[in-house]
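What's counted below: heavy atoms across the whole structure, side chains too, no hydrogens, waters or symmetry copies. In the text below, chain A, chain B and the rest are named by the order of the sequence lines, each starting its count at 1.
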Amino acid sequence: MDLKDLYQEIILDHGKNPRNLGKFDNYNKDAKGNNPLCGDNVHVYLRLNENKKVEDIAFEGHGCAISMASASIMTDMVRGKEEKEVKEIVTDFLGMIKEKDSLETNILKDDEKTKLMSLSGVKQYPMRVKCATLSWHTLTSALDNSDQIVKTEE
Amino acid sequence: MDLKDLYQEIILDHGKNPRNLGKFDNYNKDAKGNNPLCGDNVHVYLRLNENKKVEDIAFEGHGCAISMASASIMTDMVRGKEEKEVKEIVTDFLGMIKEKDSLETNILKDDEKTKLMSLSGVKQYPMRVKCATLSWHTLTSALDNSDQIVKTEE
Amino acid sequence: MNIHDIKKEFPIFDDKIQNNDLVYLDSANSSQKPRIVVDRIYDFYTKEFSNVGRSVHYLAVAATNLYEQTRVSVQKYINAKDKDEIVFTKGATEAINLVANTFGQKYLSEGDEVLLTELEHHSNYVPWHFLRKAKNIKIEFAEINDDGEVTLEAIEKKITNKTKIISVSHLSNVTGAILPIKEIVQLAHLKNIPVLIDGCQGAPHLKLDMQDIDCDFYAISGHKMYGPTGIGVLYAKKKWLEDLPPYQGGGGMINEVKKEGITYGELPNKYEAGTMATAQVIAFNESIKFMEKIGIQNIEKHEKELLDYGLEKLRKNNSVNIIGNPKEKGGVISFTIEGVHPHDIATILDEDGVAIRAGHHCCQILHDKLNLPATARASFGVYNTKDDIDKLDEAINKCKKIFNL
Amino acid sequence: MNIHDIKKEFPIFDDKIQNNDLVYLDSANSSQKPRIVVDRIYDFYTKEFSNVGRSVHYLAVAATNLYEQTRVSVQKYINAKDKDEIVFTKGATEAINLVANTFGQKYLSEGDEVLLTELEHHSNYVPWHFLRKAKNIKIEFAEINDDGEVTLEAIEKKITNKTKIISVSHLSNVTGAILPIKEIVQLAHLKNIPVLIDGCQGAPHLKLDMQDIDCDFYAISGHKMYGPTGIGVLYAKKKWLEDLPPYQGGGGMINEVKKEGITYGELPNKYEAGTMATAQVIAFNESIKFMEKIGIQNIEKHEKELLDYGLEKLRKNNSVNIIGNPKEKGGVISFTIEGVHPHDIATILDEDGVAIRAGHHCCQILHDKLNLPATARASFGVYNTKDDIDKLDEAINKCKKIFNL
Ligand SMILES: Cc1ncc(COP(=O)(O)O)c(C=O)c1O
Ligand SMILES: Cc1ncc(COP(=O)(O)O)c(C=O)c1O
């Protein structure tokens, strides 16, 4: 285990200055997620246009560097993508965090994949996995219009 | 420990053929006792005359050889005694079962003491002590007109 | 592992107890513990101890994983559909109280009926009695027959349109009768009645398959399954755990706590309030593994052999009266001896190192029915042998001698 | 026993954990276990195991005596008047649930008020919340002041003629504040209000004298007192245990059981339904003896020294913000670091073997009030040393470095 893997520069950067933090007016989908054990929580807002494309996305919430960075990177990455693509990315990301060595989707460019892989450090820190995945589960919930609040405890 | 101490001839005899088993009509004091752990129970009836003398005494109930013998010997022993004397005997008996080596009261004759001491074998069998003492506690309760059912669990 | 010399896996048999080899015939009360279970507790406390689920440091993470591994082991062992259907309690008694309390809160009201049987352990009666007091419900008892069994018909007879839940033992701790629980569940479900099985005596001795039995709840005590004291399992179908209110409140079972209100955590946390019996849960995994290693079929077969041998032997023994004669019977022999009270039997047997239990075995209703204030009971575990039964028989003879029978 | 090298009594410190010496600063969560406690469990299971109180054979009698000896040890340790005032539970959470449930059943009805404080652990809030739902009672929270304390005045302010019970912590598991419980009890008793003390953090660290404090109930968790998991104590004045209804129903707690009704056993059996955590209760006696051997005065003094040293050290450490500043404070330091989330702190500290806890510590109301979603917490036990605090301080510096502070 190496803390350097977990707290890579890019994580620290996104953790400290999260992109897309806040809320915008004309969102048409949203969902809340929280982690009862640590008190982390996140609220994802997004606007899906008539072509099912993510026109805009943002999030509110607070949490550790990992969870803030993950939400920040995620929102950056899915803006402009189609719903189907977003779902593929989410599945790919969660699969990678859970068991796979790398990302497989063709939707992401190599540099995007590198960025996402910066979150793979949590794999060595089981208690921190949910920090990295909370916003992603919440995104899925928003897309599915689920009313259930996401709680990350496997 | 020696089973011979516990199951002396006299105990087996009184256990098998308890004296004073039953109920008589004109009793004026009675009390119930039970031992929730083993299900033993006893009901002591007695008649105290105007001089506070135990005119008659009997018991109903069921239980192990020790508890039946103890009730049998006890009822034999206190018949005809005055209330004050009975209480002294009870205290002496319970004290002997609990800690003392012998009986100290002057009210009992030597052969009566020997008879009572036949119950001292239970001292080596802590779980059986309450079998020996149940009827005695119940007798006290009857004399005191207590409504509480005696339960032997220290 | 050869079941015929499994005794050596149990350290308690290594030394003499009061100058006797221990002949332990009180497993229905609590079983002895194999070395691996005790070692696991020792190792956990001395090398790995931490509280579960609440801290992110190394020891806490490791303990949490171990704790959850037991949940999965139990799930697989009893073939539950989902690991979240496994709730850890302090024992079967708490498991039954949990169900009675939460089901009672939500679904029972005045005039409703709860159906038990005459052979239930107090742990499967008193919690329902509380509801009788609090809510004015009625408790019905399906009757035992002369063989000490409760048949499907006996259950059916007592079901009315007021019956809201049925709660029955899997295996009687007195007569050893194995109840037709699968059939009872089928019958009950036809009438939309949920069923709780008190599996205290079932779990240590019989193959369990929750999906096959299809019961709604199943209660287990770890200490009767070669596990530590202070740990039990409530199996409950997920729909119930989601539907029923929580039982105890405290840390770990909540989602969000505000001054105005509280939301509860997800399964299985919702029913595990406060610091749990961490070490015991973790060590219980070894009990499960131990039983898996022997194989429940082998356990059943071994105990059946002991039972048959024991029944034959004691039936031959004059003046021994065996209680009940169920066709399907587990490794429990309750008996009386004409002229010797069960407590005297137990004391005399103990003198030779033969540990049995005497009393009403927490089944007063049953004893009332049998018109016996107490019985003596020999009950078996994996470690028992025919030799143990021979010693029981000898000790009974000694008993008769002392009482001049 | 010299408290300054007491670490060697705790086997967990013998070996490295993940290549580090373990710096265990999570004792408010659960304490490590001394060798004698673990050995006692081992010996009991391997040489003496039996269930308690139900059989008359040798092992059962011996186990019952050992079990009851712990009751007497606890009674003496906390100076209760009577050994029957000691009820064994599975932990403090269960103890509080027991009181809330039984007191609530008998004495609370719509509109009545229960008075807690803002610093209560969820275990001392959720059980009362259940009553709020079931009975429409109100829950009031005495406020904490800026130093993270709850004063007598803060309590007094919230007492009304509807207040039926007051339930407060002895020592806050977040700010470390020691509440003026004796004065609170005095005040409450003037108004005939009973008081429950959540002694989870009090019992391991402070001298206890129930007759002096005069509280009605006091809840303890064994696992925070160098004892096994799965065991707790409810101290309750005898009059309450006699007066209140039973909590769980099952074997051992009854007197007579008939189909029509049930009478309950004497104290303390009435509140100990089913097979208890026998081995844990028996081993808990060793925890008590261990603390007695060191002497609670020495424990208090040692932990106070650590606290003073720790506070001084961390106050000097730039950007560390210590939560609360109570005048009377136990060995708990909760803190935040500007720019580093507590979970990140905990993970980074863990890398150097420094085990602390991060989160809301089951005190969300308190964290809401502090306007902090989470804090980091270092908490002490007898085995900690100034060296441990130095290591904490160094690890915090490393943390700041990683986060470029
Ligand atoms: C103040 C306080 N109360 C109650 C509890 C709950 O104790 P347990 O989880 O041992 O039941 C704790 C422990 O976390 C505590 O610190
Ligand atoms: C059939 C049955 N049910 C319930 C119980 C109660 O189990 P526990 O005391 O372990 O909670 C027992 C054990 O004595 C039992 O045999």
Side-chain angles (χ1 to χ4, degrees), chain C residues 11-12 15 17-18 26 29-30 32-33 38 41-42 45-47 49-51 54-59 90-91 93-94 97 121-123 125-127 129-130 141 221 223 228-230 248-251 254 257 259 262 273-275 277-280 343 346-347 350 355-358 362 364-365, chain D residues 11-12 15 17-18 26 29-30 32-33 38 41-42 45-47 49-51 54-59 90-91 93-94 97 121-123 125-127 129-130 141 221 223 228-230 248-251 254 257 259 262 273-275 277-280 343 346-347 350 355-358 362 364-365:
Chain C
I12 193 112
D15 297 324
I17 306 281
Q18 295 282 96
D26 198 18
N29 189 352
S30 194
Q32 294 297 340
K33 318 304 171 202
V38 191
I41 298 173
Y42 190 85
Y45 279 132
T46 55
K47 297 194 171 70
F49 181 74
S50 167
N51 206 343
R54 298 166 187 214
S55 294
V56 298
H57 56 76
Y58 174 78
L59 291 172
K90 74 176 174 186
T93 297
E94 177 169 81
N97 275 273
H121 189 278
H122 294 161
S123 288
Y125 171 28
V126 189
H129 170 73
F130 290 165
F141 297 88
S221 269
H223 70 96
T229 56
Q248 292 184 336
I254 53 87
V257 176
K259 278 188 180 172
I262 292 171
T275 298
T278 315
Q280 292 78 353
H343 282 122
T347 296
D350 183 45
I356 64 157
R357 185 168 166 190
C362 298
Q364 276 190 18
I365 305 280
Chain D
I12 192 113
D15 298 324
I17 306 281
Q18 296 282 94
D26 198 17
N29 190 351
S30 195
Q32 294 297 340
K33 317 304 170 203
V38 191
I41 299 172
Y42 190 86
Y45 279 130
T46 55
K47 298 196 170 72
F49 180 75
S50 167
N51 206 342
R54 297 167 187 213
S55 294
V56 298
H57 57 74
Y58 174 78
L59 291 172
K90 76 176 172 187
T93 297
E94 177 169 81
N97 276 273
H121 189 279
H122 294 161
S123 288
Y125 171 28
V126 189
H129 171 73
F130 289 166
F141 297 88
S221 268
H223 70 96
T229 55
Q248 292 184 336
I254 54 86
V257 176
K259 278 189 180 171
I262 291 171
T275 298
T278 315
Q280 292 79 350
H343 283 122
T347 297
D350 183 45
I356 64 158
R357 185 167 167 192
C362 298
Q364 276 189 19
I365 304 279

Ranking Val38(D), Thr93(D), Ile262(D) by heavy-atom pairs under 4.5 Å to chain C gives rank one to Ile262(D)

Name the member of Ser50(D), Ala355(D), Gly230(D) that forms the most heavy-atom pairs with chain C at distances under 4.5 Å.
-> Ala355(D)

Side chain to side chain, [X] and [Y], heavy atoms closer than 4.5 Å:
X         : Y         : value
Asp15(D)  : Lys47(C)  : yes
Ile254(D) : Val126(C) : yes
Asp26(D)  : Asn51(C)  : no
Arg357(D) : His57(C)  : no
Ile17(D)  : Leu59(C)  : yes
Val257(D) : Ile365(C) : yes
Val56(C)  : Asp350(D) : no

Set of residues satisfying side-chain hydrogen bond (donor to acceptor under 3.5 Å, both in side chains) with respect to Thr229(C), sequence neighbours excluded | Tyr45(D), Gln280(D)

Just verifying a value: how many Å separate [X] [atom1] and [Y] [atom2], rounded to the nearest 0.5 Å?
X         : Y         : atom1 : atom2 : answer
Ser123(C) : Gln248(D) : OG    : CD    : 9.5 Å
Lys259(D) : Phe141(C) : NZ    : CZ    : 6.5 Å
Gln18(D)  : Tyr58(C)  : CD    : OH    : 4.0 Å

Can you see which heavy atom on Gly249(C) is nearest to which on Pro127(D), and at what distance?
-> O-CG, 3.5 Å

Tightest non-hydrogen contact, residues Cys362(C) and Gly251(D), listed as SG-CA, 3.8 Å

ring-ring contact (aromatic ring centres under 6.0 Å, His included) partners of His122(C), counting only residues at least two apart | His360(C)

Is it the backbone or the side chain of Tyr42(C) that comes under 4.5 Å from a heavy atom of chain D, or both, or neither?
-> both

Residue Phe130(C) versus chain D: region with a heavy atom under 4.5 Å | side chain

